[in-house]
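By convention in this document, chain letters (A, B, ...) are assigned in the order of the sequence lines, proteins followed by strands, and residues within each chain are numbered from 1.
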Amino acid sequence: MIALIDCNNFYASCERVFDPRLNGKPVVILSNNDGCVIARSNEAKALGIAMGAPAFLMKELLEKQDVHVFSSNYALYGDMSNRVMQTIHELVPALEIYSIDEAFVDLRAMPYADLSELARTIRERVRQCTGIPVCVGIAPTKTLAKIANRYAKKNTDQGVFVVPAGAMPTEILENTAVEDVWGIGRQYQKLLTGHGILTALDLARTNPHWIKKHLSIVGERLVRELNSQPCYELEDQPQAKKGICTSRSFGTPVTDYPILEEAVATFTARCAEKLRRQQSAAHLMHVFVFTNPHRPDQPQYYGNRVLQLPVASNSTMEMVAMAMRGLKIVFREGYTYKKAGIMVSGIVPEDEVQMDLFAMDEKRRTLERKAMTALDQLNRRMGRDTVKVGKQGYNRSWHLRQERRSRRYTTRWEELLDV
DNA sequence: TCTGGGGTCCTAGGACCC
DNA sequence: TCTGGGGTCCTAGGACCC
């Protein structure tokens with residue numbers, strides 16, 4: 001059996017842990033740049049505030065209904081996520097962190113006759129140690145555990161639901177709309193409902209050949225999983241990423257080349273850090289810049305370039321130098337840039353990098369590697385970008401708009417909660 | 001009379017997830 | 001004034017190999 005543990009309204013719940021006055025009130029959290037609504041408390045959902053709704057269109061409603069609005073505070077949410085995961089991990093050893101607010105756990109080796117008792121224990125312990133409410137769904141497959149979790153959230157006071165192994169759980173499948181099944185998005189929903197497949201139960205009973213033809217092998221696995229046949233194992237070892245992207249919209253639009261340089265250098269430094277953290281190196285870098293597509297009255301431009309490093313690298317210095325060459329190529333004077341980013345791919349383990357007879361000499365490479373290790377250690381201890389390359393600059397005028405961010409209660413001494 | 005049977009790698013595009 | 005930022009997997013088609 002597999003459990004899916006999912007935090008309720010996670011970002012809103014994080015804010016509430018440190019400000020209980022928010023309990024019972026509508027709370028929403030905005031995306032980077034205070035752009036869209038990306039998390040809502042139940043009270044906010046009840047007001048009809050949609051996921052992904054642009055904040056500026058909701059302004060009146062948010063004010064009129066006295067909604068508490070927050071900018072994203074990823075320092076807080078990331079740290080709270082770590083605490084939740086650690087708490088679960090202390091109770092169940094086999095844990096797959098699926099997203100910032102969800103984890104699958106393998107219950108096969110757990111000495112509990114009654115799995116709902118274990119689920120309640122997990123729930124209470126997470127609540128006690130972190131203040132975050134979670135729901136737990138338990139079932140023979142991941143897909144069914146997802147459905148069980150959703151059902152626990154919507155239909156029970158306990159926040160726990162178990163789909164037993166053995167017989168097909170017809171009742172819960174019948175009460176789950178097909179578009180609420182994990183892996184069924186907008187396009188597949190349209191296709192399936194067009195063929196009269198409206199519920200998870202209908203989908204579970206659909207002809208596998210038809211599914212394979214229209215939803216590919218992914219759909220076939222999904223149908224098997226609905227029939228209690230596991231196709232997805234628990235992945236408790238995180239896999240190295242095959243592509244890494246750092247991109248941002250700018251708080252204020254950018255026209256100046258030096259400011260664009262600072263932004264792109266910073267994104268590159270972030271990609272290099274991510275590569276080093278997973279002990280990888282990349283040999284392709286994709287630089288892109290673009291104007292605001294929501295302003296058709298302004299001239300539009302999308303510039304992008306893929307650059308090849310002679311030897312796969314994760315050195316901030318080498319990668320920033322390369323990114324600056326790419327930016328020079330894609331930059332066009334006279335446009336107002338809204339967003340830029342760096343994507344790296346062609347990722348290999350850092351100890352399996354293929355050398356080049358004519359590239360940077362080995363001595364320099366070793367030195368840079370040592371420098372990067374020192375840089376990472378310093379920045380981990382003293383805070384991000386304590387040590388950085390000069391191109392990253394001090395300007396920050398391109399930086400995010402975050403007008404309503406709460407304090408970083410758990411990761412900054414100077415922002416601790418006052419009692 | 002009649003024209004094989006395997007493979008690999010790469011890219012673009014489309015679907016999905018949080 | 002104003003619309004986020006990451007990822008994954010699969011398939012089809014083209015080019016190539018023996």
Side-chain angles (χ1 to χ4, degrees), chain A residues 4-7 9-11 28-39 49-60 62 69-74 77-78 81 96-104 142-143 146 149-150 178-192 211-222 225 231-232 235 238-253 263 267 270-271 274 278 284 286 288 290-298 304 306 336 338-347 399-405:
Chain A
L4 175 68
I5 302 151
D6 191 320
C7 301
N9 313 325
F10 181 55
Y11 298 168
V28 304
I29 285 82
L30 304 180
S31 63
N32 273 341
N33 261 320
D34 297 345
C36 301
V37 173
I38 55 161
I49 299 169
M51 183 71 167
F56 79 96
L57 292 176
M58 311 291 292
K59 207 172 165 201
E60 209 171 302
L62 296 174
V69 180
F70 291 90
S71 303
S72 294
N73 184 348
Y74 286 106
Y77 310 149
S81 173
E96 173 186 342
I97 297 171
Y98 179 66
S99 74
I100 195 165
D101 71 334
E102 283 172 81
F104 287 105
K142 283 183 165 180
T143 305
K146 272 272 191 186
N149 188 292
R150 198 187 130 79
V178 76
E179 65 268 26
D180 294 329
V181 174
W182 190 38
I184 302 300
R186 288 254 269 283
Q187 298 304 314
Y188 287 161
Q189 177 197 359
K190 222 189 309 178
L191 175 75
L192 293 170
I211 289 290
K212 171 98 196 265
K213 191 172 157 210
H214 291 94
L215 277 71
S216 86
I217 187 72
V218 180
E220 191 183 328
R221 288 187 191 130
L222 197 159
E225 285 242 324
C231 296
Y232 298 108
E235 288 175 25
Q239 300 296 306
K241 299 206 182 314
K242 296 166 183 172
I244 291 173
C245 179
T246 303
S247 73
R248 292 287 180 280
S249 299
F250 301 130
T252 46
F267 303 152
R270 215 63 76 222
C271 281
K274 293 178 189 174
Q278 67 165 27
L284 291 173
H286 186 170
F288 58 91
F290 53 92
T291 50
N292 188 347
H294 299 293
R295 293 290 301 270
D297 54 311
Q298 294 180 351
N304 76 103
V306 179
T336 303
K338 179 62 181 165
K339 184 169 176 172
I342 291 284
M343 208 170 350
V344 299
S345 55
I347 292 177
H399 220 232
L400 291 178
R401 199 167 43 237
Q402 285 188 315
E403 283 165 5
R404 299 155 178 269
R405 199 193 63 205

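- Partners of A:His214 under the ring pair (Phe, Tyr, Trp, His ring centres under 6.0 Å) rule, at least two apart in sequence or in another chain, are A:Trp210.
- The shortest side-chain heavy-atom distance between A:Ile29 and A:Val69 does not fall under the 4.5 Å cut-off.
- Among the atoms of the strands shown, none is found under 4.0 Å from any heavy atom of A:Gly341.
- Comparing the same atom, C1', in B:dC17 and in C:dG4 gives a spacing of 15 Å after rounding to whole Å.
- Every residue two or more places apart in sequence or in another chain was checked for a side chain to side chain donor-acceptor pair (under 3.5 Å) with A:Ser247, and none qualifies.
- A:Asp6 meets the salt bridge (charged side-chain N to carboxylate O under 4.0 Å, His left out) test with A:Lys153; sequence neighbours excluded.
- Residues meeting the ring pair (Phe, Tyr, Trp, His ring centres under 6.0 Å) test with A:Tyr98, sequence neighbours left out: A:Phe104, A:Trp182.
- Under the rule for a side chain to side chain donor-acceptor pair (under 3.5 Å), A:Arg221 has no partner lying at least two apart in sequence or in another chain.
- Qualifying side chain to side chain contact (heavy atoms under 4.5 Å, CB included) partners for A:Thr291, counting only residues two or more places apart in sequence or in other chains: A:Gln300, A:Tyr301, A:Tyr335.
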Pairs counted as Watson-Crick or G-U wobble with both distances under 3.5 Å: what dot-bracket string results for DNA chain C, using | for bases tied to another strand? ....||||||||||||||

Taking N or O atoms only and anything under 3.5 Å, show me the protein contacts with nucleotides 3-5 of chain C, one pair per line.
residue, atom, partner, partner atom, Å
C:dT3, OP1, A:Lys338, NZ, 2.6
C:dG4, O4', A:Ser31, OG, 3.0
C:dG5, OP1, A:Ser249, N, 2.7
C:dG5, OP2, A:Ser249, N, 3.4
C:dG5, OP2, A:Ser249, OG, 3.0
C:dG5, OP2, A:Lys339, NZ, 3.1
C:dG5, O3', A:Arg248, NH1, 3.2

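- Classification of A:Glu235 and A:Lys142 as a salt-bridged pair fails, no side-chain N sitting under 4.0 Å from a carboxylate O.
- In this structure A:Arg150 satisfies the salt bridge (charged side-chain N to carboxylate O under 4.0 Å, His left out) test together with A:Asp180, sequence neighbours excluded.
- Residues forming a side chain to side chain donor-acceptor pair (under 3.5 Å) with A:Ser81 (at least two apart in sequence, or on another chain): none.
- The NZ-C1' distance, from A:Lys274 to C:dG7, rounds to 10 Å in whole Å.
- For the pair A:Pro253 and A:Ile244, nearest-nucleotide mapping onto DNA chain C gives the more 5' position to A:Pro253.
- Residues satisfying the ring pair (Phe, Tyr, Trp, His ring centres under 6.0 Å) criterion with A:Tyr74, sequence neighbours excluded, are A:Tyr11, A:Tyr77.
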Which letters describe nucleotides 9-18 of chain B, given B = protein heavy atom under 4.0 Å from base, S = only from sugar-phosphate, - = neither? ------SSSS

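- Remark on DNA chain C: of its neighbouring residues A:Val218 and A:Gln298, the 5'-side contact belongs to A:Gln298, judged by nearest-heavy-atom nucleotide.
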